[in-house]
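Single-structure report; data block below.
Keep in mind it's a predicted model, so treat the numbers as computed, not measured. Residue numbers start from 1 in every chain, and the chains themselves are labelled A, B, ... in the order their sequence lines are given, proteins ahead of strands.
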Amino acid sequence: MYDIEMPLVLGLDCMERAGVLVDRMTLADIHISFEAELNRLSASIYEKVGMTFNILSPKQIGQVLFDKLQLPSGRKNSSGTYSTDSDELTRLIDEHPVVRDILNYRQISKLDSTFVLGLQKVIDPLDGRVHSSFSQVMTNTGRLSSAEPNLQNIPIRSDLGSQIRRAFIAPPGRVLLDADYSQIELRLLAHLSQDENMMNAFLHNEDIHTNTAANIFNVPKEMVQPSMRSAAKTVNFSIVYGISDFGLAQDLGVSFQEAHHYIEHYYAQYPKIRAYLDSLKKMGYDKGYVETMFGRRRVVKELTSPNRNIRNFGERAAMNTPVQGTAADIIKIAMNRVSAGLKKENLDAVLILQVHDELIVECREDQADAASVVLKHAMEGAALLRVPLIAEVSQGLSWYECKT
DNA sequence: TCGTTCACG
DNA sequence: ACGTACGTGAACGAT
């Protein structure tokens, strides 16, 4: 409370007032190309189906695909209507050519309405910048949340979506610095569990996902194929989320038994991780709460529910919160250290964004290298772990450039 | 206002 | 037998 959150109030205030400069022209150009593509896609969809309808209505999509076209229906959602989410539509992609068009339409429409048009609406006419609100009290784990606009979910995973980051820029004479913690949650899992095998992977600077792949597939590291590494990455995430073989099977697209097999192999190779996660569940049941390295507590009331699904949710939350929450504590400490460090060095540089494991600073071009050093050291020195804590810094004239 | 969908870490 | 990854916010349709 006193050491982390209260000092952070001042830093967040600076961050919100500073805002991020947004290039209206870039957004306008993207909007024009998205709109053209949406027009092509809707024409193609209506032609293939033989009628017009609202492509953004899940209800109407369901009627068109499952009643009119008689495609094999799958999951229903809680209101009893056909599910038409991305998983369901992907399943149907070879059944009818309209399905791919619908998926593309959905994606582009989302990007345009939420990010391109949504961002344009909140640009401050006085300074051409967007000023998000960061909340310290919204999340269950200690993370920040961002709203109006949410700058913590700007697209990056798809090529089309990541173009939107070209609109987040530095003003003339200034640059953006972007620093990411490398694998912070898995490093914390290694630290908190004290599992020798996982700690050694980080101490020797090995690729953790390749390492995990070699373990769960029982092959030498040199024999790990990209598909194996990708599956191992998913397994690593699933462990941090509070494992369930069902969830893992669904995400990997493998059988329940196969997913179960991976998890057993995982725990055989990293035995103290199982012990650590079990201890977190026990703490949740015994004390009613779990806590982060810095003493932030989450009461897990779901663990007292007679409903097993709710209780299972509580167990996963008990396993995930100390990891996700400690990462949140550490980046908050880092933000306080960055604010102090930039001020002490008299740099014309300000924090403008935090995205959970990433900090973005805007600074004068001629001070970029000096500010980068401050940023890197403030982040890496925010906590002392049993494994190295690494932050990678890049610079660019736009958020997109920082990521390429 | 609620449910669905989908963007991020 | 049952329903499941953890944490968020915004747009949209339906009511």
### Task
Return the orientation label for the Tyr262(A) and Phe217(A) ring planes: parallel under 30°, perpendicular over 60°, tilted otherwise.
perpendicular
### Message
Side chain of Thr139(A) only, heavy atoms from C-beta on: which candidate in dC8(B), dT4(C), dT8(C) is closest?
### Response
dT8(C)
### Message
Can you say whether a donor on the side chain of Gln324(A) sits under 3.5 Å from an acceptor on the base of dC6(C), or the other way round?
### Response
yes
### Task
Among dG9(C), dG7(C), dT4(C), find the nucleotide with the atom closest to the side chain of Arg316(A).
dT4(C)
### Query
What does dC2(B) pair with, Watson-Crick or G-U, if both distances are under 3.5 Å?
dG13(C)
#### Entry: For atom CZ of Phe115(A) and atom C1' of dC8(B), their distance in whole Å
7 Å
### Message
Any base atoms under 4.0 Å from Gln60(A), or only sugar-phosphate, or nothing? Heavy atoms, all strands.
### Response
sugar-phosphate
#### Entry: Nucleotide nearest Arg308(A) (side chain, heavy atoms from C-beta), chosen from dA1(C), dG9(B), dA7(B)
dA1(C)
### Message
Less than 4.0 angstrom between a side-chain N/O of Thr114(A) and OP1 or OP2 of dA7(B), yes or no?
### Response
no
### Message
So for atom CG, which belongs to Asp159(A), do other residues, nucleotides or ligands contribute more than 12 heavy atoms lying within a distance under 6.0 Å?
### Response
no
### Query
When you measure from the side chain of Asp85(A), which nucleotide among dG9(B), dG13(C), dT5(B) comes out closest?
dT5(B)
### Query
Of all the nucleotides listed (dA5(C), dG7(C), dC8(B)), which has the minimum atom distance to the side chain of Ala317(A)?
dG7(C)
### Task
With heavy atoms under 4.0 Å as the rule, sort Met138(A) into base, sugar-phosphate or nothing.
sugar-phosphate
### Task
Specify the residue among Asn312(A) and Thr321(A) whose closest nucleotide of DNA chain C lies further upstream toward the 5′ end.
Asn312(A)
#### Entry: Nearest-nucleotide pick for Arg106(A), side chain only, options being dG9(B), dT5(B), dG9(C)
dT5(B)
### Basic-acidic side-chain contact under 4.0 Å: Glu380(A), Arg337(A)
no
### Query
Where the side chain of Pro155(A) is defined as all heavy atoms beyond and including C-beta, which of dC8(B), dA11(C), dG9(C) is the nearest nucleotide?
dC8(B)
### Task
Describe the nucleic acid contact of Ser146(A) in one word from base, sugar-phosphate, nothing, applying a heavy-atom distance below 4.0 Å.
sugar-phosphate
### Parallel, tilted or perpendicular: rings of Phe66(A) and Tyr82(A) (30°, 60°)
tilted
### Query
Contact class for Phe237(A) vs. all strands (heavy atom < 4.0 Å): base, sugar-phosphate, or nothing?
nothing
### Nearest-nucleotide pick for Asn150(A), side chain only, options being dA10(C), dA5(C), dC8(B)
dA10(C)
### Task
Remember a base hit wins even if backbone is also touched, and classify Leu144(A) as base, sugar-phosphate or nothing at under 4.0 Å, heavy atoms.
nothing
### Message
Side chain of Phe313(A), heavy atoms from C-beta onward: which of dG7(C), dT8(C), dT5(B) has the nearest atom to it?
### Response
dG7(C)
### Task
Just call it for Val240(A): base, sugar-phosphate, or nothing, with non-hydrogen atoms closer than 4.0 Å on any strand.
nothing
### Task
Classify the ring geometry between His261(A) and His265(A) as parallel (under 30°), tilted (30 to 60°) or perpendicular (over 60°).
tilted
### Message
Closer than 4.0 angstrom, basic N to acidic O: yes or no for Asp195(A) and Arg274(A)?
### Response
no
### Query
Checking all strands, does Ser238(A) fall into the base, sugar-phosphate, or nothing category for heavy-atom contacts under 4.0 angstrom?
base
### Query
When all nucleic acid strands are considered with a 4.0 Å heavy-atom cut-off, which category describes Asn309(A): base, sugar-phosphate, or nothing?
base
### Query
If the P atom of dG3(B) is compared with that of dT4(C), how far apart are they to the nearest Å?
15 Å
### Rounded P spacing from dG3(C) to dA7(B) in Å
27 Å
### Message
Please determine whether any donor N or O and acceptor N or O are separated by less than 3.5 Å between the side chain of Asp251(A) and the base of dA5(C).
### Response
yes
### Message
Counting the atoms with a prime plus P, OP1 and OP2 as sugar-phosphate, which does Gln250(A) contact under 4.0 Å by heavy atoms, base, sugar-phosphate, or nothing?
### Response
nothing
### Query
Within the pair Thr141(A) and dC6(C), is there a side-chain N or O less than 4.0 Å away from OP1 or OP2?
no
### Task
Report yes if a donor N or O on one partner sits less than 3.5 Å from an acceptor N or O on the other, where the partners are the side chain of Arg157(A) and the base of dG9(B); otherwise report no.
yes
### Message
Is Lys59(A) close enough to dT15(C) that one of its side-chain N or O atoms is under 4.0 Å from OP1 or OP2 there?
### Response
yes
### Message
Rounded to whole Å, how long is the line connecting atom CD of Glu302(A) with atom C1' of dT4(C)?
### Response
14 Å
#### Entry: Under 3.5 Å: donor-acceptor pair, side chain of Lys376(A), backbone of Ala391(A)
yes
### Query
So, is Asn307(A) close to the dG3(C) phosphate, meaning a side-chain N or O under 4.0 Å from OP1 or OP2?
no
### Query
What nucleic acid atoms does Ser132(A) come within less than 4.0 Å of, heavy atoms only: base, sugar-phosphate, or nothing?
nothing
### Message
Heavy atoms only, 4.0 Å cut-off, all strands: where does Arg298(A) land among base, sugar-phosphate and nothing?
### Response
sugar-phosphate
### Query
How is Thr81(A) classified with respect to the nucleic acid when contacts are heavy atoms under 4.0 Å: base, sugar-phosphate, or nothing?
nothing
### Message
Using the side chain to side chain contact (heavy atoms under 4.5 Å, CB included) definition, which of the options Val98(A), Asn54(A), Ile55(A) pairs with Ile61(A)?
### Response
Ile55(A)
### Given dC8(B), dC6(B), dG7(C), the nucleotide with the shortest approach to the side chain of Ser86(A)
dC6(B)
### Query
What is the nucleic acid contact for Gln107(A), judged by heavy atoms within less than 4.0 Å: base, sugar-phosphate only, or nothing?
sugar-phosphate
